[in-house]
Amino acid sequence: MKRTILLAFAGILLTVNSCRKQDATTFNPSSAGAPDPTQLDEFIRAKLTAEGQFLWAWATDEQVWTALSNSDFVLSVGYKPTDVKDVESQLHQIDIQSSTWKTAHDAVMQIVLQSERALNPSLTEAQLTAFPENGVLPVFDVYVHNPATIAALRRSGMVRYAEPIGYEPYMTTNARERTGGGSGCDGNSAEPGLAEGIDYTTITPACKKSWNHAYHNITPAWSNSTGAGVKVAIIDTGCSDAQENLGDAFNQGQSSGRTIQKYVTLPQAPGGPPETPNDECGHGTSMEGACAGPRGTDGASVGIAYNCNLMTFRAAADVYLDESREVVGVANAFTQAGGNSSVKIISMSMGRLTSASQITDALVYAYNQNKMIFCAAGTSFWWSAWFVGVIFPASRPEAIAVTGMKTNLSSACSDCHTGSKVDFVLVMERTSDGHNPISLADSGDDPSMVGGSSVSTASTAGIAALVWAKYPSWTRTQVFNRLKTSANYYPNRNGSFGWGRINAQIATQ
(Lines give C-alpha, C1' and ligand atoms only; values in the text may rest on other atoms or scores of the structure.)
Protein backbone atom coordinates (compact mmCIF):
# COMPACT_ATOMS: atom_id res chain seq x y z
CA MET A 1 0.00 0.00 0.00
CA LYS A 2 2.79 2.46 0.94
CA ARG A 3 4.65 1.66 -2.29
CA THR A 4 1.48 2.31 -4.30
CA ILE A 5 1.01 5.70 -2.64
CA LEU A 6 4.66 6.65 -3.21
CA LEU A 7 4.39 5.73 -6.89
CA ALA A 8 1.17 7.74 -7.13
CA PHE A 9 2.87 10.81 -5.66
CA ALA A 10 5.79 10.35 -8.07
CA GLY A 11 3.32 10.33 -10.93
CA ILE A 12 1.68 13.46 -9.54
CA LEU A 13 4.98 15.34 -9.41
CA LEU A 14 5.86 14.37 -12.97
CA THR A 15 2.42 15.41 -14.16
CA VAL A 16 2.49 18.75 -12.35
CA ASN A 17 5.93 19.55 -13.80
CA SER A 18 4.82 18.64 -17.32
CA CYS A 19 1.57 20.61 -16.98
CA ARG A 20 3.44 23.72 -15.89
CA LYS A 21 5.10 23.72 -19.31
CA GLN A 22 1.77 23.67 -21.14
CA ASP A 23 -0.40 26.57 -22.13
CA ALA A 24 -3.12 27.21 -24.66
CA THR A 25 -0.65 28.13 -27.39
CA THR A 26 0.97 24.66 -27.37
CA PHE A 27 -2.30 22.84 -28.00
CA ASN A 28 -2.65 21.70 -31.60
CA PRO A 29 -6.35 20.94 -32.18
CA SER A 30 -5.67 19.11 -35.41
CA SER A 31 -3.81 16.40 -33.50
CA ALA A 32 -6.38 16.02 -30.76
CA GLY A 33 -8.43 12.88 -30.40
CA ALA A 34 -9.65 11.28 -27.20
CA PRO A 35 -6.50 11.30 -25.05
CA ASP A 36 -5.85 8.94 -22.19
CA PRO A 37 -7.17 10.72 -19.06
CA THR A 38 -4.58 9.26 -16.68
CA GLN A 39 -2.36 12.35 -16.60
CA LEU A 40 -5.38 14.62 -16.23
CA ASP A 41 -6.62 12.57 -13.28
CA GLU A 42 -3.21 12.79 -11.63
CA PHE A 43 -3.11 16.54 -12.25
CA ILE A 44 -6.53 16.95 -10.62
CA ARG A 45 -5.45 14.83 -7.67
CA ALA A 46 -2.27 16.87 -7.25
CA LYS A 47 -4.24 20.11 -7.15
CA LEU A 48 -6.76 18.69 -4.71
CA THR A 49 -3.94 17.57 -2.45
CA ALA A 50 -1.98 20.82 -2.65
CA GLU A 51 -4.78 23.39 -2.94
CA GLY A 52 -7.79 21.67 -1.39
CA GLN A 53 -9.81 22.27 -4.56
CA PHE A 54 -9.64 21.88 -8.32
CA LEU A 55 -10.64 24.70 -10.66
CA TRP A 56 -10.91 24.09 -14.38
CA ALA A 57 -9.35 27.53 -14.89
CA TRP A 58 -6.07 25.84 -13.91
CA ALA A 59 -6.35 23.35 -16.76
CA THR A 60 -4.91 23.79 -20.23
CA ASP A 61 -7.08 23.70 -23.33
CA GLU A 62 -5.80 20.21 -23.98
CA GLN A 63 -6.80 19.03 -20.51
CA VAL A 64 -10.28 20.46 -20.98
CA TRP A 65 -10.50 18.59 -24.28
CA THR A 66 -9.33 15.41 -22.58
CA ALA A 67 -12.16 15.74 -20.07
CA LEU A 68 -14.76 16.50 -22.73
CA SER A 69 -13.75 13.66 -25.01
CA ASN A 70 -13.73 11.18 -22.13
CA SER A 71 -17.20 12.15 -20.96
CA ASP A 72 -20.27 13.47 -22.79
CA PHE A 73 -18.78 16.48 -24.65
CA VAL A 74 -20.88 18.95 -22.66
CA LEU A 75 -19.17 22.29 -22.05
CA SER A 76 -20.60 24.78 -19.54
CA VAL A 77 -20.06 28.35 -20.76
CA GLY A 78 -20.46 31.33 -18.47
CA TYR A 79 -20.71 34.62 -20.36
CA LYS A 80 -20.80 38.36 -19.68
CA PRO A 81 -20.65 41.68 -21.51
CA THR A 82 -17.01 42.60 -22.08
CA ASP A 83 -17.04 45.65 -19.82
CA VAL A 84 -18.83 44.04 -16.85
CA LYS A 85 -16.67 43.23 -13.82
CA ASP A 86 -17.32 41.26 -10.60
CA VAL A 87 -20.24 39.25 -11.94
CA GLU A 88 -20.57 37.16 -8.75
CA SER A 89 -21.70 40.10 -6.61
CA GLN A 90 -24.39 40.94 -9.19
CA LEU A 91 -25.74 37.47 -9.97
CA HIS A 92 -28.99 38.04 -8.06
CA GLN A 93 -29.59 41.32 -9.90
CA ILE A 94 -28.68 40.47 -13.48
CA ASP A 95 -31.43 40.44 -16.08
CA ILE A 96 -30.06 38.12 -18.74
CA GLN A 97 -32.97 39.10 -21.01
CA SER A 98 -31.77 42.71 -21.16
CA SER A 99 -30.26 43.83 -24.44
CA THR A 100 -26.72 44.06 -23.04
CA TRP A 101 -26.68 40.54 -21.65
CA LYS A 102 -28.63 39.09 -24.58
CA THR A 103 -26.08 40.54 -26.98
CA ALA A 104 -23.25 38.93 -25.00
CA HIS A 105 -25.09 35.60 -24.91
CA ASP A 106 -25.67 35.59 -28.66
CA ALA A 107 -22.09 36.62 -29.45
CA VAL A 108 -20.62 33.83 -27.34
CA MET A 109 -23.06 31.32 -28.80
CA GLN A 110 -21.90 32.38 -32.26
CA ILE A 111 -18.30 31.64 -31.30
CA VAL A 112 -19.34 28.10 -30.47
CA LEU A 113 -21.58 27.66 -33.48
CA GLN A 114 -19.03 28.92 -36.02
CA SER A 115 -16.25 26.79 -34.58
CA GLU A 116 -18.37 23.65 -34.40
CA ARG A 117 -19.59 24.18 -37.98
CA ALA A 118 -16.02 23.58 -39.10
CA LEU A 119 -16.80 19.94 -38.37
CA ASN A 120 -20.50 19.99 -39.25
CA PRO A 121 -21.55 22.87 -41.54
CA SER A 122 -25.26 22.12 -41.14
CA LEU A 123 -25.20 22.30 -37.34
CA THR A 124 -27.95 24.41 -35.75
CA GLU A 125 -28.01 26.16 -32.38
CA ALA A 126 -30.75 23.79 -31.21
CA GLN A 127 -28.56 20.78 -32.01
CA LEU A 128 -25.69 22.42 -30.17
CA THR A 129 -27.68 23.00 -26.99
CA ALA A 130 -27.25 20.29 -24.35
CA PHE A 131 -29.77 21.50 -21.76
CA PRO A 132 -32.40 24.26 -21.66
CA GLU A 133 -31.13 27.47 -20.08
CA ASN A 134 -32.62 28.24 -16.67
CA GLY A 135 -33.48 31.85 -17.53
CA VAL A 136 -31.69 33.37 -14.53
CA LEU A 137 -27.97 32.65 -14.65
CA PRO A 138 -25.65 33.86 -17.44
CA VAL A 139 -24.57 30.40 -18.53
CA PHE A 140 -25.43 27.88 -21.22
CA ASP A 141 -24.44 24.26 -21.89
CA VAL A 142 -23.40 23.09 -25.33
CA TYR A 143 -22.00 20.02 -27.04
CA VAL A 144 -18.44 20.66 -28.19
CA HIS A 145 -16.73 18.22 -30.57
CA ASN A 146 -14.14 20.58 -32.02
CA PRO A 147 -11.20 21.19 -29.64
CA ALA A 148 -10.58 24.54 -31.36
CA THR A 149 -13.83 25.76 -29.79
CA ILE A 150 -12.26 25.55 -26.34
CA ALA A 151 -9.39 27.85 -27.27
CA ALA A 152 -11.71 30.29 -29.04
CA LEU A 153 -13.97 30.59 -26.01
CA ARG A 154 -11.18 30.92 -23.46
CA ARG A 155 -9.63 33.78 -25.46
CA SER A 156 -12.87 35.78 -25.50
CA GLY A 157 -13.36 38.66 -23.07
CA MET A 158 -17.05 37.76 -22.93
CA VAL A 159 -16.43 34.28 -21.53
CA ARG A 160 -16.18 33.89 -17.75
CA TYR A 161 -15.51 30.15 -17.93
CA ALA A 162 -15.69 27.27 -20.37
CA GLU A 163 -15.43 23.96 -18.57
CA PRO A 164 -16.52 20.33 -18.78
CA ILE A 165 -19.21 19.38 -16.29
CA GLY A 166 -19.62 15.68 -17.07
CA TYR A 167 -16.12 14.65 -16.05
CA GLU A 168 -14.73 13.63 -12.69
CA PRO A 169 -11.32 11.98 -12.08
CA TYR A 170 -11.13 8.20 -12.35
CA MET A 171 -14.48 7.98 -14.14
CA THR A 172 -13.00 5.61 -16.69
CA THR A 173 -11.64 3.26 -14.02
CA ASN A 174 -13.13 2.81 -10.59
CA ALA A 175 -14.59 6.07 -9.32
CA ARG A 176 -18.26 5.51 -9.94
CA GLU A 177 -18.62 2.53 -7.64
CA ARG A 178 -22.15 2.22 -8.94
CA THR A 179 -24.37 -0.63 -7.89
CA GLY A 180 -27.96 -0.34 -8.93
CA GLY A 181 -29.07 3.22 -8.16
CA GLY A 182 -25.58 4.70 -8.04
CA SER A 183 -23.23 6.33 -5.60
CA GLY A 184 -24.80 6.82 -2.18
CA CYS A 185 -27.91 4.84 -3.16
CA ASP A 186 -27.22 1.97 -0.79
CA GLY A 187 -30.85 1.37 0.04
CA ASN A 188 -33.12 3.28 2.39
CA SER A 189 -35.25 0.43 3.62
CA ALA A 190 -36.19 -0.16 7.24
CA GLU A 191 -33.30 -1.25 9.45
CA PRO A 192 -33.99 -4.61 11.12
CA GLY A 193 -33.31 -5.23 14.80
CA LEU A 194 -33.40 -1.66 16.10
CA ALA A 195 -33.39 -1.62 19.91
CA GLU A 196 -35.51 0.60 22.14
CA GLY A 197 -33.33 2.65 24.47
CA ILE A 198 -30.24 2.11 22.33
CA ASP A 199 -31.06 3.08 18.76
CA TYR A 200 -34.07 5.19 19.61
CA THR A 201 -36.36 6.40 22.36
CA THR A 202 -40.14 6.43 22.01
CA ILE A 203 -41.60 9.86 22.75
CA THR A 204 -45.07 11.41 22.62
CA PRO A 205 -47.37 11.14 20.85
CA ALA A 206 -45.92 7.90 19.41
CA CYS A 207 -42.70 8.36 17.43
CA LYS A 208 -39.03 7.46 17.64
CA LYS A 209 -36.29 9.93 18.54
CA SER A 210 -32.83 9.05 17.26
CA TRP A 211 -30.13 8.09 19.77
CA ASN A 212 -27.77 10.85 18.63
CA HIS A 213 -30.14 13.71 19.53
CA ALA A 214 -28.83 13.58 23.09
CA TYR A 215 -25.37 14.71 21.96
CA HIS A 216 -26.85 17.99 20.74
CA ASN A 217 -29.55 18.55 23.39
CA ILE A 218 -32.34 18.37 20.85
CA THR A 219 -35.09 17.34 23.29
CA PRO A 220 -34.68 20.30 25.67
CA ALA A 221 -34.36 22.59 22.65
CA TRP A 222 -37.87 21.57 21.60
CA SER A 223 -39.17 23.40 24.65
CA ASN A 224 -37.87 26.56 22.98
CA SER A 225 -38.57 25.91 19.31
CA THR A 226 -39.84 23.26 16.88
CA GLY A 227 -38.96 25.08 13.65
CA ALA A 228 -42.44 26.46 12.96
CA GLY A 229 -42.56 29.14 10.29
CA VAL A 230 -39.14 28.42 8.77
CA LYS A 231 -38.85 26.88 5.31
CA VAL A 232 -35.93 24.54 4.58
CA ALA A 233 -35.04 23.51 1.02
CA ILE A 234 -33.29 20.15 0.66
CA ILE A 235 -31.45 19.64 -2.61
CA ASP A 236 -30.88 15.94 -3.07
CA THR A 237 -32.20 12.90 -4.94
CA GLY A 238 -35.87 13.69 -4.40
CA CYS A 239 -38.62 12.61 -2.04
CA SER A 240 -40.14 9.14 -2.02
CA ASP A 241 -43.73 9.01 -3.25
CA ALA A 242 -44.25 6.01 -0.98
CA GLN A 243 -43.30 7.73 2.28
CA GLU A 244 -46.57 9.11 3.65
CA ASN A 245 -44.78 11.01 6.43
CA LEU A 246 -43.45 13.24 3.65
CA GLY A 247 -46.84 13.29 2.00
CA ASP A 248 -50.37 13.08 3.39
CA ALA A 249 -49.06 12.44 6.92
CA PHE A 250 -46.59 15.34 6.94
CA ASN A 251 -48.94 17.05 9.38
CA GLN A 252 -49.88 14.68 12.19
CA GLY A 253 -49.50 14.46 15.95
CA GLN A 254 -47.50 17.45 17.17
CA SER A 255 -46.60 18.52 13.62
CA SER A 256 -49.27 20.78 12.17
CA GLY A 257 -49.96 23.75 9.92
CA ARG A 258 -46.89 23.30 7.76
CA THR A 259 -46.29 22.67 4.07
CA ILE A 260 -44.18 20.39 1.90
CA GLN A 261 -43.44 21.16 -1.76
CA LYS A 262 -41.72 18.76 -4.14
CA TYR A 263 -39.83 19.71 -7.29
CA VAL A 264 -37.63 18.12 -9.92
CA THR A 265 -34.79 20.04 -11.57
CA LEU A 266 -32.81 17.03 -12.85
CA PRO A 267 -32.97 16.91 -16.65
CA GLN A 268 -33.99 13.57 -18.07
CA ALA A 269 -31.27 11.16 -19.09
CA PRO A 270 -30.69 10.75 -22.84
CA GLY A 271 -33.30 8.32 -24.07
CA GLY A 272 -34.83 8.06 -20.61
CA PRO A 273 -38.29 9.00 -19.35
CA PRO A 274 -38.99 12.47 -17.94
CA GLU A 275 -37.83 12.83 -14.35
CA THR A 276 -40.29 13.32 -11.49
CA PRO A 277 -39.80 14.54 -7.89
CA ASN A 278 -39.87 10.92 -6.72
CA ASP A 279 -36.71 9.71 -5.00
CA GLU A 280 -35.38 6.66 -6.87
CA CYS A 281 -32.24 6.55 -4.72
CA GLY A 282 -33.50 6.91 -1.14
CA HIS A 283 -30.84 9.35 -0.03
CA GLY A 284 -32.98 12.47 -0.28
CA THR A 285 -35.84 10.85 1.64
CA SER A 286 -33.56 9.98 4.53
CA MET A 287 -32.18 13.55 4.62
CA GLU A 288 -35.69 15.00 4.70
CA GLY A 289 -36.67 12.64 7.50
CA ALA A 290 -33.66 13.57 9.63
CA CYS A 291 -34.33 17.26 9.19
CA ALA A 292 -38.10 17.54 9.16
CA GLY A 293 -39.90 14.22 9.73
CA PRO A 294 -43.17 14.76 11.63
CA ARG A 295 -43.57 14.17 15.35
CA GLY A 296 -46.45 11.84 14.74
CA THR A 297 -48.53 8.98 16.02
CA ASP A 298 -47.44 6.15 13.72
CA GLY A 299 -44.16 5.08 15.31
CA ALA A 300 -41.91 6.61 12.62
CA SER A 301 -38.78 8.63 13.35
CA VAL A 302 -39.08 12.32 14.16
CA GLY A 303 -36.98 15.02 12.51
CA ILE A 304 -35.12 17.72 14.40
CA ALA A 305 -37.24 20.59 13.06
CA TYR A 306 -40.52 18.71 13.07
CA ASN A 307 -42.66 21.79 12.50
CA CYS A 308 -40.64 23.47 9.75
CA ASN A 309 -41.90 23.84 6.20
CA LEU A 310 -40.08 21.79 3.62
CA MET A 311 -39.16 22.14 -0.04
CA THR A 312 -37.56 19.10 -1.70
CA PHE A 313 -35.66 18.89 -4.98
CA ARG A 314 -34.80 15.91 -7.11
CA ALA A 315 -31.67 17.52 -8.51
CA ALA A 316 -29.45 14.45 -8.99
CA ALA A 317 -29.65 10.72 -9.60
CA ASP A 318 -27.23 9.98 -6.75
CA VAL A 319 -24.98 11.87 -4.35
CA TYR A 320 -21.83 11.96 -6.49
CA LEU A 321 -22.37 14.74 -9.01
CA ASP A 322 -20.48 13.19 -11.90
CA GLU A 323 -23.03 13.71 -14.67
CA SER A 324 -23.59 16.90 -16.64
CA ARG A 325 -27.30 16.73 -16.01
CA GLU A 326 -26.67 16.52 -12.25
CA VAL A 327 -24.60 19.71 -12.34
CA VAL A 328 -27.43 21.42 -14.22
CA GLY A 329 -30.04 19.96 -11.87
CA VAL A 330 -28.23 21.19 -8.77
CA ALA A 331 -27.63 24.63 -10.26
CA ASN A 332 -31.31 24.94 -11.19
CA ALA A 333 -32.34 23.85 -7.67
CA PHE A 334 -30.12 26.43 -5.99
CA THR A 335 -31.47 29.07 -8.35
CA GLN A 336 -35.10 28.12 -7.67
CA ALA A 337 -34.65 27.90 -3.90
CA GLY A 338 -32.53 31.04 -3.86
CA GLY A 339 -35.18 33.00 -5.69
CA ASN A 340 -37.96 31.87 -3.34
CA SER A 341 -38.43 34.57 -0.70
CA SER A 342 -39.96 32.13 1.82
CA VAL A 343 -36.89 29.86 1.91
CA LYS A 344 -34.50 30.60 4.77
CA ILE A 345 -32.21 27.56 4.73
CA ILE A 346 -30.84 25.37 1.94
CA SER A 347 -29.25 22.00 2.71
CA MET A 348 -27.40 19.82 0.21
CA SER A 349 -25.70 16.55 1.12
CA MET A 350 -24.13 15.93 -2.29
CA GLY A 351 -20.96 17.03 -4.03
CA ARG A 352 -18.04 16.35 -6.34
CA LEU A 353 -14.25 16.59 -6.43
CA THR A 354 -13.80 19.17 -9.19
CA SER A 355 -15.41 22.57 -8.98
CA ALA A 356 -18.28 23.39 -11.33
CA SER A 357 -18.67 27.10 -11.98
CA GLN A 358 -22.30 26.67 -13.00
CA ILE A 359 -23.05 25.37 -9.49
CA THR A 360 -20.89 28.15 -8.02
CA ASP A 361 -22.99 30.72 -9.90
CA ALA A 362 -26.19 29.24 -8.48
CA LEU A 363 -24.74 28.93 -4.98
CA VAL A 364 -23.63 32.56 -5.03
CA TYR A 365 -27.01 33.59 -6.43
CA ALA A 366 -28.76 31.92 -3.50
CA TYR A 367 -26.26 33.31 -0.99
CA ASN A 368 -26.77 36.81 -2.38
CA GLN A 369 -30.47 36.31 -1.62
CA ASN A 370 -29.55 35.87 2.07
CA LYS A 371 -30.05 32.12 2.22
CA MET A 372 -28.19 30.10 4.85
CA ILE A 373 -26.57 27.24 2.96
CA PHE A 374 -25.35 23.97 4.51
CA CYS A 375 -23.29 21.52 2.44
CA ALA A 376 -21.77 18.15 3.27
CA ALA A 377 -18.01 18.19 3.78
CA GLY A 378 -17.79 14.80 2.09
CA THR A 379 -18.26 11.10 2.65
CA SER A 380 -15.50 9.15 0.91
CA PHE A 381 -15.26 6.60 -1.74
CA TRP A 382 -12.39 4.30 -0.87
CA TRP A 383 -10.15 5.82 -3.53
CA SER A 384 -10.54 9.44 -2.41
CA ALA A 385 -10.30 9.15 1.38
CA TRP A 386 -6.58 9.70 1.68
CA PHE A 387 -6.16 12.82 -0.44
CA VAL A 388 -9.44 14.76 -0.51
CA GLY A 389 -10.42 17.24 2.20
CA VAL A 390 -13.69 19.17 2.11
CA ILE A 391 -15.36 18.58 -1.26
CA PHE A 392 -17.09 21.01 -3.61
CA PRO A 393 -19.35 22.91 -3.05
CA ALA A 394 -18.91 22.70 0.75
CA SER A 395 -15.43 24.11 0.13
CA ARG A 396 -16.94 27.36 -1.13
CA PRO A 397 -17.02 30.32 1.30
CA GLU A 398 -20.78 30.73 0.81
CA ALA A 399 -21.41 27.26 2.22
CA ILE A 400 -21.43 26.11 5.84
CA ALA A 401 -19.53 22.81 5.73
CA VAL A 402 -20.64 20.01 8.06
CA THR A 403 -19.06 16.65 8.83
CA GLY A 404 -19.73 13.72 11.16
CA MET A 405 -18.14 12.42 14.35
CA LYS A 406 -18.10 9.22 16.38
CA THR A 407 -19.44 9.01 19.91
CA ASN A 408 -15.90 9.05 21.29
CA LEU A 409 -16.13 12.78 20.49
CA SER A 410 -12.65 12.87 19.01
CA SER A 411 -12.74 10.88 15.75
CA ALA A 412 -14.41 11.60 12.45
CA CYS A 413 -16.93 9.05 11.27
CA SER A 414 -15.48 6.17 9.30
CA ASP A 415 -15.87 7.83 5.90
CA CYS A 416 -16.25 11.51 6.78
CA HIS A 417 -14.00 14.22 5.39
CA THR A 418 -12.50 16.80 7.74
CA GLY A 419 -10.33 19.88 7.41
CA SER A 420 -9.94 23.58 8.06
CA LYS A 421 -13.00 24.43 5.94
CA VAL A 422 -15.36 22.43 8.19
CA ASP A 423 -17.66 24.67 10.26
CA PHE A 424 -19.63 22.20 12.40
CA VAL A 425 -19.69 18.53 13.31
CA LEU A 426 -22.57 16.25 14.25
CA VAL A 427 -22.32 13.07 16.32
CA MET A 428 -23.68 10.35 14.03
CA GLU A 429 -21.71 7.13 14.47
CA ARG A 430 -21.57 4.96 17.58
CA THR A 431 -18.01 3.93 18.30
CA SER A 432 -19.12 0.64 19.81
CA ASP A 433 -21.10 -0.80 16.90
CA GLY A 434 -20.94 1.70 14.03
CA HIS A 435 -24.68 2.42 14.15
CA ASN A 436 -25.92 5.66 12.59
CA PRO A 437 -28.94 7.87 13.31
CA ILE A 438 -32.43 6.72 12.37
CA SER A 439 -34.56 8.45 9.78
CA LEU A 440 -37.54 7.87 7.50
CA ALA A 441 -37.27 4.88 5.18
CA ASP A 442 -38.54 5.04 1.60
CA SER A 443 -41.86 3.64 2.79
CA GLY A 444 -43.57 2.57 5.98
CA ASP A 445 -43.10 3.64 9.59
CA ASP A 446 -40.14 1.48 10.63
CA PRO A 447 -37.00 3.66 10.55
CA SER A 448 -33.95 3.30 8.38
CA MET A 449 -30.40 4.26 9.38
CA VAL A 450 -28.28 6.83 7.56
CA GLY A 451 -24.74 8.07 8.14
CA GLY A 452 -21.88 10.15 6.81
CA SER A 453 -21.54 13.88 6.46
CA SER A 454 -24.87 13.67 4.63
CA VAL A 455 -27.06 13.16 7.70
CA SER A 456 -24.80 15.52 9.64
CA THR A 457 -25.62 18.29 7.18
CA ALA A 458 -29.38 17.77 7.04
CA SER A 459 -29.54 17.50 10.84
CA THR A 460 -27.55 20.69 11.33
CA ALA A 461 -29.88 22.46 8.92
CA GLY A 462 -32.70 21.29 11.19
CA ILE A 463 -30.97 22.79 14.24
CA ALA A 464 -30.56 26.07 12.35
CA ALA A 465 -34.29 26.01 11.61
CA LEU A 466 -35.00 25.71 15.36
CA VAL A 467 -32.88 28.81 16.02
CA TRP A 468 -34.39 30.87 13.19
CA ALA A 469 -37.91 29.91 14.26
CA LYS A 470 -37.10 31.08 17.78
CA TYR A 471 -35.77 34.40 16.44
CA PRO A 472 -37.63 35.01 13.16
CA SER A 473 -36.38 38.60 12.80
CA TRP A 474 -32.73 37.61 12.96
CA THR A 475 -30.38 37.79 10.00
CA ARG A 476 -28.45 34.85 8.62
CA THR A 477 -25.33 36.16 10.34
CA GLN A 478 -27.06 36.32 13.71
CA VAL A 479 -28.31 32.75 13.37
CA PHE A 480 -24.87 31.51 12.39
CA ASN A 481 -23.25 33.32 15.31
CA ARG A 482 -25.72 31.73 17.73
CA LEU A 483 -24.89 28.28 16.34
CA LYS A 484 -21.18 29.05 16.56
CA THR A 485 -21.20 30.37 20.12
CA SER A 486 -23.19 27.37 21.34
CA ALA A 487 -20.70 24.88 19.88
CA ASN A 488 -18.22 23.11 22.13
CA TYR A 489 -14.95 24.43 20.64
CA TYR A 490 -15.97 28.08 20.68
CA PRO A 491 -14.19 30.55 20.97
CA ASN A 492 -11.45 28.48 19.34
CA ARG A 493 -11.76 26.68 16.03
CA ASN A 494 -10.70 23.06 15.65
CA GLY A 495 -8.61 22.21 12.57
CA SER A 496 -10.78 19.20 11.72
CA PHE A 497 -14.23 19.95 13.15
CA GLY A 498 -14.59 23.73 12.99
CA TRP A 499 -16.59 25.22 15.84
CA GLY A 500 -17.62 21.73 16.90
CA ARG A 501 -20.88 20.23 18.16
CA ILE A 502 -23.82 22.61 18.36
CA ASN A 503 -25.78 22.62 21.60
CA ALA A 504 -29.32 23.15 20.34
CA GLN A 505 -30.68 23.94 23.80
CA ILE A 506 -28.24 26.81 24.28
CA ALA A 507 -28.67 27.95 20.68
CA THR A 508 -32.45 28.29 21.08
CA GLN A 509 -32.47 30.01 24.47
Side-chain angles (χ1 to χ4, degrees), residues 216 218 227 230-237 283-284 286-292 303-305 308-313 315-316 319 321 330 333-334 337-338 340 343-352 359-360 362-367 369-379 390-405 413 416-419 421-428 437 439 450-469 474-484 486-487 497-502 504 507:
H216 297 271
I218 301 299
V230 173
K231 180 174 286 187
V232 179
I234 293 185
I235 299 173
D236 213 285
T237 61
H283 189 268
S286 61
M287 296 304 106
E288 292 139 15
C291 177
I304 288 174
C308 76
N309 299 312
L310 188 60
M311 179 181 286
T312 75
F313 288 91
V319 302
L321 306 177
V330 167
F334 269 116
N340 189 308
V343 171
K344 294 281 193 182
I345 297 165
I346 302 174
S347 176
M348 188 176 82
S349 297
M350 305 186 295
R352 58 191 275 135
I359 291 178
T360 298
L363 186 76
V364 172
Y365 173 86
Y367 185 83
Q369 303 275 35
N370 297 311
K371 310 307 179 188
M372 175 173 269
I373 303 169
F374 293 90
C375 291
T379 303
V390 174
I391 65 171
F392 176 85
S395 57
R396 288 287 308 181
E398 298 83 9
I400 299 169
V402 186
T403 195
M405 174 183 277
C413 85
C416 290
H417 294 204
T418 61
K421 292 183 178 180
V422 168
D423 293 289
F424 297 109
V425 65
L426 189 99
V427 178
M428 42 58 62
S439 186
V450 60
S453 65
S454 291
V455 71
S456 305
T457 302
S459 299
T460 302
I463 296 174
L466 297 181
V467 176
W468 222 330
W474 275 12
T475 64
R476 171 181 61 196
T477 300
Q478 287 175 300
V479 174
F480 178 83
N481 285 338
R482 177 56 68 91
L483 296 174
K484 179 177 71 175
S486 77
F497 302 119
W499 301 108
R501 292 176 288 116
I502 298 168

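Reckoned from all heavy atoms, side chains included, excluding hydrogens, waters and symmetry mates. Because the structure is predicted, anything quoted here is derived from the model rather than measured. All residue numbers refer to positions in the sequence shown, counting from 1.
The minimum heavy-atom distance between Ala401 and Val390, with the atom names listed, is CB-CG1, 4.2 Å. Between Ala376 and Ala394, the closest heavy-atom pair is O-CB, 3.2 Å. Nearest approach of Ala464 to Leu483, heavy atoms of both residues: CB-CD1, 4.0 Å. Closest approach of Val230 to Ala469, counting heavy atoms only: CG2-N, 3.4 Å. Closest non-hydrogen pair, Ala366 versus Ile373, comes out as CB-CD1, 4.1 Å. Considering every non-hydrogen atom in both Met428 and Gly452, the closest pair reads CE-N, 3.0 Å.
Checking side-chain atoms of Lys371 against main-chain N and O of Val343 turns up a donor-acceptor pair under 3.5 Å. Although no hydrogens or angles enter the test, the distance criterion places a donor-acceptor pair under 3.5 Å between the side chain of Ser286 and the main chain of His283. With Thr457 contributing its side chain and Phe374 its backbone, the two residues share no donor-acceptor pair below 3.5 Å. Side chain of Arg476 to main chain of Tyr367: a donor-acceptor pair is present (N/O by atom type, distance under 3.5 Å, no hydrogens or angles). Panel note: side chain His216, backbone Ile502; a donor-acceptor pair is recorded below 3.5 Å. Formation of a donor-acceptor pair under 3.5 Å by the Trp474 side chain with backbone atoms of Trp468 is not found in this model.
Checked by atom type, the side-chain pair Thr403/Ser453 shows no donor-acceptor distance below 3.5 Å.
Every ring pair (Phe, Tyr, Trp, His ring centres under 6.0 Å) that Phe313 has, sequence neighbours left out, goes to Tyr263.
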Problem set entry | Worked check of side chain to side chain contact (heavy atoms under 4.5 Å, CB included) between Met287 and Val450 | CA-CA 8 Å; Met287 296 304 106; Val450 60; 3.4 Å; yes
For this session: Before giving the answer on side chain to side chain contact (heavy atoms under 4.5 Å, CB included), spell out for Cys291 and Val232 the whole-Å C-alpha distance, their side-chain angles and the decisive distance to 0.1 Å.
Result: CA-CA 9 Å; Cys291 177; Val232 179; 4.1 Å; yes
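Just one residue in the list Asn340, Ile235, Ile234 forms a side chain to side chain contact (heavy atoms under 4.5 Å, CB included) with Ile346, and that residue is Ile235.
Annotation: the span from Ile463 atom CD1 to Ile218 atom CD1 amounts to 4.0 Å, rounded to 0.5 Å. Note that the CE atom of Met350 and the CD1 atom of Ile391 stand 10.0 Å from one another [nearest 0.5 Å]. Interatomic distance, Leu466 CG to Arg482 CZ, rounded to the nearest 0.5 Å: 12.5 Å. Note that SG of Cys375 and CZ of Phe392 are 8.5 Å apart. Values are rounded to the nearest 0.5 Å. Summarising the geometry, atom CE belonging to Met372 is positioned 7.5 Å from atom OG1 belonging to Thr477; distances are rounded to the nearest 0.5 Å. In this structure, Asp423 CG and Ile400 CD1 are separated by 6.5 Å, a value rounded to the nearest 0.5 Å.
Centroid-to-centroid, the aromatic rings of Phe480 and Phe424 come within less than 6.0 Å.
Here the side chains of Cys308 and Lys344 are not in contact, with every heavy-atom distance at 4.5 Å or above. Between Leu321 and Ile359 the shortest side-chain heavy-atom distance falls below 4.5 Å. Using a 4.5 Å cut-off on side-chain heavy atoms (C-beta onward), Asp236 and Ser349 make contact. Counting heavy atoms from C-beta on, the side chains of Val330 and Leu363 never come closer than 4.5 Å.
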